[in-house]
Structures are given as C-alpha cells and as structure tokens.
Amino acid sequence: MDKATAFDVLPVEIAIHVCSFLRQSEVSRLSLARKSFYELVRPILYRHPNITSFTSLTLFQRTITQATYMGKADYQWSTRDCLDQTRTLDLTIDPTMDGVSNNGAPPPAILLSRMIQAIVRRCPNLEITLRFAHCHCGLTPISVLAKETFPRVTKLIVHVGNTEPDGTHVAVPVGHRRTVRNCCLPNAEFWQPFVNGDCFPDCKNLEIRHHWATTPPTNASLKLRAGVNDFGDPYSRGRHLVTTTSIGVTSGLRKLESILLEATPELNSPLLMLLLGNPNSVAAKLTTLDLRHCDLDEETMSKLLYHAPPNLKHLALICQPRRTYSYDAHDSPHLCPLIREFAKNLVHLEFASSSICRELFFDDLERESLRKSGITTGIGDRDGQVEGSEKLDTVLIRETIEACRRQKRTKYRNERVKQAITTAKAPSSSTATSTSLFGGATTANNAAVKAQRETEFTLDDEEESRRRLIEGSKTRWFRRFITWGGLCCACDTWAEIQLAADMEEKGIELVVANNRIRLASQHSNGKPARDIGLDQALEEKFDFEPRAFCAGHEDFSDEEEDDVDN
C-alpha cells in the first residue's frame, strides 16, 4: 500500500479546493496545526475574517500592517494574497466584552475608526459588516460616531436592546437605569451618523434593532414576546416623544439599499418624513424597507405608500397593536386598499396591523359585484369567526370574483385596442385614397387592422411577461398579512380572507395569520390552503417548505395582549 500523501505536499490548487469546503473557524484551527499548513491556507484564512472583539481587531490590524512592511517574502505574500484575497470583514464591537479591560467603558470610536482605516488602506477589495452589540442609549450614545469616519462599512447593524436570543434580559447597571422619558426620545443626534453620508460613506445596508441585544435567533418572532418595550410601554410611549425640527444633512440616504428598523423609539412619524421625505436626499437606490413596531401612525404610513422610493421591491410594515382594534374611517386612513394597490409590483410584502380586511385582495368593483350578486358575507363577529349556523358560500364567491376579473381584463383589453385603432386612423384619414370597390379609405382601415393586431400581441406579451416575472423570479414573491386583533369590519369573516388569499396570482406565496383567534394558513401557487401554526406564521424568516408539527404542539401566547381591549 502506498504511503499516504501529506496534506502540505499536495498541489496548492487541490489543497485550497479542499479547504474551500471548511468553515472559517475550521480553517483557523487548521492553520494552527503546523507552520506549513498556515502557509498553505493563509489566503483562505484572511479571505473572510470574522472578528468578535476589539482586542481581536487590534491583533488583526497589527498582523495586516506587519505583513505589509516586513521581509520581502512576507511582503510578496501580502501583496498577492492578503491585499487581493481579503474580501469581507465581519466585525462585532460588544461593550460588555470589550469594556472589561477598559474599566467598563466601550472602546473609543476614534480608535475603532483609525484601525478600520488602516486595514482598508491595505485591502482595496474589502467590504466590512460592522455590528454594535449590547448597546444602550444611556451607556453608549450613538452620537459619538458622528465625529469619526468608517470607510468601506457596507453593512451597519446596531443592537440597542437588552434581550438576548434565548429570551433572557441583560441587566442594566443601576447607575444607568433610565426611563423612556429621558433615554429613548427621538432626536437628530441619534440619526446623524447613519444618514449624513460622512461617517459611513460606503454604507448600503442599515439595520437598527431596539429589542435584541445581539443577533436574534433564526426563529425570531415578528410578535415580540415582551409585553412592553425594553425601555417603556409601547402603547404609551408616544406621549413622551419630542420631535426635532431638523435632522441635518441626509445625503447618505442616497446610497442606502436596505433599511431595517425594529422597535426604535428614536423614530416617530415626523422624523420618518424628515428622513424619507426630503427632496434633496431621495433614497432612489432603496430596494428594501423594513419597519417593525415603530411609533408610526396610519397617516404617515399612507404618505409613505404614496411617496415610496421608486425602486422599492421589499416592504415590511409591522405595526404595533393598539388598545382599540376596530378601524374608524374618520380617525385614520384605511391602509388595506393602499397596500393592495402598492403591492402589485413588490417581490416581498409583509403587513401586520391591529386589523385587516378583504380589501387587501378585493377592489371596489369586485366587492360591488359580490353585493349585486346578493352574496351574504357579513356573518362574522369582530374576531372574524362565523356566527350562528349560516355558512359562507365560498364557491359562489370564487365564481363571482373570477367572473369580475375576467370582465375587467376584457374591458381593459378592449379599451387599449380601441385607443390604438383611434390613434392609427387619425393621421391616415387626411391622406386616405378611395381605392376599394365601394370607394372606402383602405389606407385608414389597413392601419387600424395593423394597430389592433399589434396591440393584441402587446397585451398578450405583457400578460406572459408578468407570469414569467413572478414564476421565474430567483426570489420567491411573498406576501404575509397579520392581524393582531381581528378584522376592520366587525361583520367580516376570516374564511373570506383565506379564500381571497387562495385566489391571488399564481406563483405568489401567501401567509395570513389571525392572532386574535390563533389561526394561520399558507397559500402557495394555486394549491389548496395549508393550515400552519401561529408561531410558524409569525417567524421572522418564514420557512416556505412544508414541515410537520408534532402532536400536542402549542403556540406561544400573550394572554395580556389577547385581553388588552376587554
């Protein structure tokens, strides 16, 4: 039997290919085995470094600097491998860990900025993901970042919370315990480093979570388990908010492609309009906007839908529950029809509110056709459950809606064809010659026939393009609608909501969930609806694949929220 070939004598290409299947931590441990192993895997070792402390960042920056300016052999390696191969840097700054060696104080922002600048000068292809964990408004003011510059930070994640992924709470030192009245008020200083374009000139993705102290678990729920926010009651928080009149320069919004804000008391409706409604800093590149449990009223959200960034493809509006779940048309705009119209070209949409209704799916003409057909739908209670022995005629509702949609499609096609024929005849009528047997103007007729044929072909192509756009998309088209307390109209039924979700366009995945009656269902590609657990429906990252639930499985519940309006 031949002697086994040592790993370090393999051809470099084969060894690197083998190491490409290892995790970064495994490559790191392999490099410590032998010096020859370290020399072999060094390009991979420094390709995607993950640094979780300020101390490690100091050592990494020192290694990069020394590798650049030491002997010729190392200099050749650094030029060829380190400078060119280092692609990403995942950096986490955690004051609870880094403050141990600094008398409890977080690392100064100026040192963090200088180290990042020293690294990016030697790694021209580097993109940095910067995380701030275990932040507290009173302990580590974000405003200190406004005095420094952090180049090549393409993704910025700030965890301003005290809830760990396992649900436990991080204790706040006694000397720093503050109330929402003097700690988490909306102010320009909090937002300036994120939006001024100078502190993070290359930032494309901004994520601020005011609930999780660190990265949330993979099955984190959109329904925050805590009955109150980390620093106060979410229902009464709006009483204490003070709005600033100016937020300063916001040119950094022009570069942002993704924004996620979760339970941020530093944001309210006026501040959101100052951020996104500034004509001098329109977020034209913004494709993802995720607003969860922010203190926003319906009027502001309606303005956001009317004046949304032009390239927006991913929208999440997770509204916090109100004490009163019923919708009042005189009190606030009705968001359901606005969401329906706005969502037509969105790849991803999530909407959670105190109440939703069938207007998320049915427009005025479709609802009018149901009324004219004499279909009784007002047989539900305020939670959406059917009252009495009467049943919802789902077959007749489906037939009526489908007939109405066919009628609308035919009317639209006829109007387009008629408009094209009128346009084609207009320039030809003055120059038409009577060459037909009965003296007709054949030129105008030929132009009209040609216009009709071309328009019908265009309409068919538009419908086919829409189908290919949805079904052939690399990212699944997804809709998730959640009601915390029932339906907008007290007499509507949840069964009608589920039926409407079943009738959506083919290729769109839908999830509808009713927290009040603890029912949820998944609707996929025209297939029969599948009942799912409420906890699965409310998972932040919804799993599209069907999965079995164990017998006796119970969803988590907040009895206090269920009875909040009683």
Atom pair CG/OG of L534 and S221 - distance to nearest 0.5 Å: 8.0 Å
Expected output: side-chain W484 to main-chain C319 donor-acceptor under 3.5 Å: yes
Backbone N/O of I470 and side chain of S473: donor-acceptor pair under 3.5 Å: no
For the residue pair [Y] / [X], report whether a side-chain donor-acceptor contact shorter than 3.5 Å exists.
X: T288; Y: E257; result: no
X: E164; Y: H134; result: yes
X: H48; Y: T88; result: yes

Electrostatic pair E148-R114, nearest N-O below 4.0 angstrom: yes
For A263 against H210, the heavy-atom pair lying closest together: O-CB, 2.7 Å
Just so I know, are the side chains of [X] and [Y] near enough to count as touching, which here means a heavy-atom distance under 4.5 Å?
X: P216; Y: H159; answer: yes
X: L91; Y: L112; answer: yes
X: P151; Y: D202; answer: yes

Face-on cation placement of R476 at F478 ring, 6.0 Å and 45° thresholds: no
Geometric class of the F150/F200 ring pair [parallel <30°, tilted 30-60°, perpendicular >60°]: parallel
Chi angles and distances behind the side chain to side chain contact (heavy atoms under 4.5 Å, CB included) call for L30, V27: CA-CA 5 Å; L30 178 63; V27 175; 5.5 Å; no
Option passing side-chain hydrogen bond (donor to acceptor under 3.5 Å, both in side chains) with E350 (candidates R292, H314, R480): R480
I208 vs F190, side chain to side chain contact (heavy atoms under 4.5 Å, CB included): CA-CA, chis, key distance, verdict: CA-CA 11 Å; I208 302 177; F190 183 89; 4.0 Å; yes
Evaluation steps, side chain to side chain contact (heavy atoms under 4.5 Å, CB included), between L256 and C203: CA-CA 6 Å; L256 289 178; C203 185; 4.0 Å; yes
